Amino acid sequence: MNNNGELEGNVVWHQSSIKKEDREIQHGHKSIMIWFTGLSGSGKSTIASALQHKLFEKNISVYLLDGDNLRHGINKNLSFSAEDRKENIRRTAEIGKLFVDAGIVVLAALISPFEKERLNARALYKQGDFIEVYIKCSLLECENRDPKGLYKKARKGEIKQFTGIDQPYEEPKNPEIVIDTTKLTVDESVEILLSTIFDKICLEQNTKE
Ligand code: ADP
């Protein structure tokens, strides 16, 4: 590493003899990243967690990377500044990429408010391996739900840089799936996601293409 913490040109990628495709066959399905973005309280964790349960019951190797949980460990040194949110997304996307390489269906639920960072996350994955799910919900409804009491604190100025209050949320321009939680129940949302995901992770269908 040089003084800027950057790697110099002497770290060489070690190619694994086991390919992602080999691992997918072992798991019995393709592995992809399903990236949930949306305002706090929009329903990302609730839906991703219910979806994880359904996939698990169907013997899919699945793992949920929940943004709040990651901030208790690998991302505990990060704040909510724009710069640290960027790093939060980069790390989550890189960790998810390792899981996907390991043959696992990954669900990542984090606000990820900036389009540029979401595009950077997507760019780490092969075409078709990154599915962006926009959990759409009005700020008004999120604030009414306020499941963790965070909007109340943000309105009082007790939390700074809160998405939707004093930091922007940039709506995804081209998400693969939009789930409007002001119109759909959790069960309906999960059903929609399940059918889409099954199509994408089915090995037979994908090898025929
Ligand atoms: P996020 O992870 O986006 O911050 P959470 O999932 O933690 O959001 O919280 C969403 C809250 O909204 C939960 O308390 C959930 O029960 C509630 N909720 C109400 N209606 C819906 C819906 N249709 N879809 C998802 N969550 C809903």
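Since the structure is predicted, the reported quantities are computational estimates derived from the model, not experimental observations. Whatever order the structure lists ligands and atoms in, that order sets their numbers, starting from 1. Numbers here simply count residues along the sequence, with the first being 1.
- Nearest protein heavy-atom neighbour of atom 17 (C) of ligand 1: Arg145 CD, 3.9 Å.
- In terms of protein heavy-atom proximity, atom 26 (N) of ligand 1 is closest to Gly43 CA, 3.8 Å.
- Protein heavy atom nearest atom 11 (C) of ligand 1, with residue, atom name and distance: Pro147 CG, 3.9 Å.
- If you look at Leu184 next to ligand 1, the close heavy atoms, those under 4.0 Å, all belong to the backbone.
- Within the 4.0 Å heavy-atom shell around ligand 1 one finds Ser40.
- Here Lys44 has heavy atoms under 4.0 Å from ligand 1 in both its backbone and its side chain.
- Proximity of Ser45 to ligand 1, defined as any heavy-atom pair under 4.0 Å, is shared by backbone and side chain alike.
- The shell of residues lying under 4.0 angstrom from ligand 1, judged by heavy atoms, excludes Ala109.
- Ion pairing of Glu143 with Lys153 is absent here, as no side-chain N (NZ or NE/NH1/NH2) approaches a carboxylate O to less than 4.0 Å.
- Annotation: Ile74, atom CD1; neighbour count of heavy atoms from other residues, nucleotides and ligands within 6.0 Å does not exceed 12.
- When heavy-atom distances to ligand 1 are checked against a 4.0 Å cut-off, Leu39 comes that close only through its backbone atoms N, CA, C and O.
- Backbone and side-chain nitrogen or oxygen atoms of Thr185 are examined, and none is located within less than 3.5 angstrom of a nitrogen or oxygen of ligand 1.
- Ion pair Arg118/Glu115 flagged as a salt bridge, since at least one NZ, NE, NH1 or NH2 atom sits closer than 4.0 Å to an Asp/Glu carboxylate oxygen.
- With a 4.5 Å cut-off on side-chain heavy atoms, Lys58 and Phe198 count as touching.
- Taking OH from Tyr169 and SG from Cys142, the interatomic distance works out to 10.0 Å, rounded to the nearest 0.5 Å.
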(message) Assess the residue pair Leu64 and Asn69 against the criterion (side chain to side chain contact (heavy atoms under 4.5 Å, CB included)); give the C-alpha distance rounded to whole Å, side-chain angles, the decisive distance to 0.1 Å, and a yes or no.
(response) CA-CA 10 Å; Leu64 170 60; Asn69 294 358; over 6 Å; no
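- In this structure, the protein non-hydrogen atom closest to atom 15 (C) of ligand 1 is Thr46 OG1, 3.7 Å.
- A side-chain contact (heavy atoms from CB on, under 4.5 Å) with Val105 is found for exactly one of Met33, His27, His29, namely His29.
- Checking only distances, Ile47 never comes within under 3.5 Å of ligand 1, N or O to N or O.
- For atom 7 (O) of ligand 1, the candidate residues are Lys148, Glu141, Lys183; the nearest heavy-atom contact is made by Lys148.
- At least one N/O-N/O distance between Gly41 and ligand 1 falls below 3.5 Å.
- We find that Asp84 and Arg90 are not joined by a salt bridge, their nearest charged nitrogen and carboxylate oxygen being 4.0 Å or further apart.
- Note: Tyr151 and Phe162 meet the aromatic proximity criterion, with ring centroids under 6.0 Å apart.
- Within the structure, the closest approach of Glu188 to ligand 1 does not fall below 4.0 Å when heavy atoms are considered.
- Residues Arg85 and Gln161 have side chains that never bring a donor and an acceptor to within less than 3.5 angstrom of each other.
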